[in-house]
Amino acid sequence: MSGGVDSSVTALLLKEQGYDVIGIFMKNWDDTDEFGVCTAEQDAEDVRRVCEQIDIPYYTVNFEKEYFDKVFSYFLDEYKSGRTPNPDVMCNREIKFGEFLQKALNLGADYVATGHYARVVEEDGVFKLLRGVDGNKDQTYFLNALNQQQLSKAMFPIGHLPKPEVRRIAEAAGLYTAKKKDSTGVCFIGERNFKEFLSQYLPAKSGIMVDIATGEIKGRHDGLMYYTLGQRQGLGIGGSGNGEPWFVADKDLEQNILYVVQGDKHPSLYSTGLIAANVNWIAGEGNVPNGPFNCTAKFRYRQPDQEVTLEWLEDGIVHVQFANQQKAITPGQAVVFYQGETCLGGGIIDKVEKIPYKVPAILHKK
């Protein structure tokens, strides 16, 4: 239980269905701010109040070390290499359905239930991960790295409900968290000034910002790790040129150059395919398709499904060919595969096959 409305309603529904429910709050990060306020303590207090309301026992477990070793270290390593990681995917696999699931099973639990908007069904002995009924809240993108053993022990009791109905159930039951706003930000780290936060762990190196179409130096960047491919906010060069928005087009780690481009038509923004690594096929290795396989994919959360063709190159490595050119595909992010309502699995975007373009010589001002 996170202290939010989704996990509160999850516990309530399971209790009403006759399950023996125990509420567990995970502390995975010391998030005390500069004023000495720890939001985790506030969330833990909300969990306590809800558990007392619905009359279930509650406990707190601490996985700060495991989170740092298995999720946050990966997060930093990816940024060091110029990529943009998705810690939520890793956190679900390694912490919520890794360390936490194992602890729950060791304590005699039969299942771990969470407030994710997703569904699990078993067909012919295979556990399938299905999208949440509420398309605006579906969270299967972040659960793509789960395996058969993890799904066999997972329950998502609100996956069949739209978010407004979850709020309604909470309000009808008088739950303390009924009107609590949804949390955003990095998994367990929460909402904060991300640039300032990252600078505490990684040294930033400023460099030049170059127009990839003309070679003109447009300004300076604060450090390549702070920028994501396709980003259009926070570049500090708006209003120049023809007035169209500027986008991050590419990064040159060796020369510490951030390439930008004006407008969204330049080929540097587009790609035709990608190589995904560490691919997890939810149905298991024995059910991996032979030969090219057509399905849909998401390259970022909330993106509409895109038609793709998959081809396995070797264990865990998949070539993904796009039916249509895609904009701002970002190494380090998750690519997640679907067939209708079923989430097939996913992997980490390792290499991007860009449309060929020529990088001009850099024009230094006299």
### Query
Under 6.0 Å between the ring centres of Tyr357 and Tyr259?
no
### Query
Pairs in or reaching into residues 100-112: which pass side-chain hydrogen bond (donor to acceptor under 3.5 Å, both in side chains), with residues at least two apart or in two chains?
Gln102-Asn106
### Query
Considering residues at least two apart in sequence or located in another chain, which fulfil the side-chain contact (heavy atoms from CB on, under 4.5 Å) criterion with Ala204?
Met225, Tyr226
When the side chains of residues 269-278 are checked against the rest of the protein, which donor-acceptor pairs come out under 3.5 Å, sequence neighbours left out?
| residue | atom | partner | partner atom | Å |
| --- | --- | --- | --- | --- |
| Tyr270 | OH | Asp264 | O | 2.5 |
| Thr272 | OG1 | Glu353 | O | 3.4 |

#### Entry: Basic-acidic side-chain contact under 4.0 Å: Glu52, Arg49
no
#### Entry: Taking every non-hydrogen atom, the tightest pair across Pro157 and Thr114
CD-O, 3.6 Å
### Message
Would you say the ring centers of Tyr301 and Phe142 fall short of 6.0 Å from each other?
### Response
yes
### Message
Assess whether a salt bridge exists between Asp43 and Lys27, defined as any Lys/Arg side-chain N lying under 4.0 Å from an Asp/Glu carboxylate O.
### Response
no
### Query
Ion pair present between Lys298 and Asp138, side-chain N to carboxylate O less than 4.0 angstrom?
no
### Task
For Glu99 and Phe97, indicate whether the former's side chain and the latter's backbone hold a donor-acceptor pair under 3.5 Å.
no
### Query
Hey, is Asp77 close enough to Arg83 for a salt bridge, meaning N to O under 4.0 Å?
no
### Side-chain heavy atoms of Val320 within contact of Phe337, under 4.5 Å
yes
### Task
Would you confirm whether the ring centroid of Phe72 sits within less than 6.0 angstrom of the ring centroid of Phe68?
yes
### Task
Return yes if some donor-acceptor pair links the side-chain N/O of Gln148 with the main-chain N/O of Phe127 below 3.5 Å, else return no.
yes
### Task
Before accepting this row, confirm whether a basic side-chain N of the pair Asp182/Lys163 lies closer than 4.0 Å to the acidic partner's carboxylate O.
yes
### Task
Could you tell me whether Arg168 and Glu171 have a side-chain N and a carboxylate O separated by less than 4.0 Å?
no
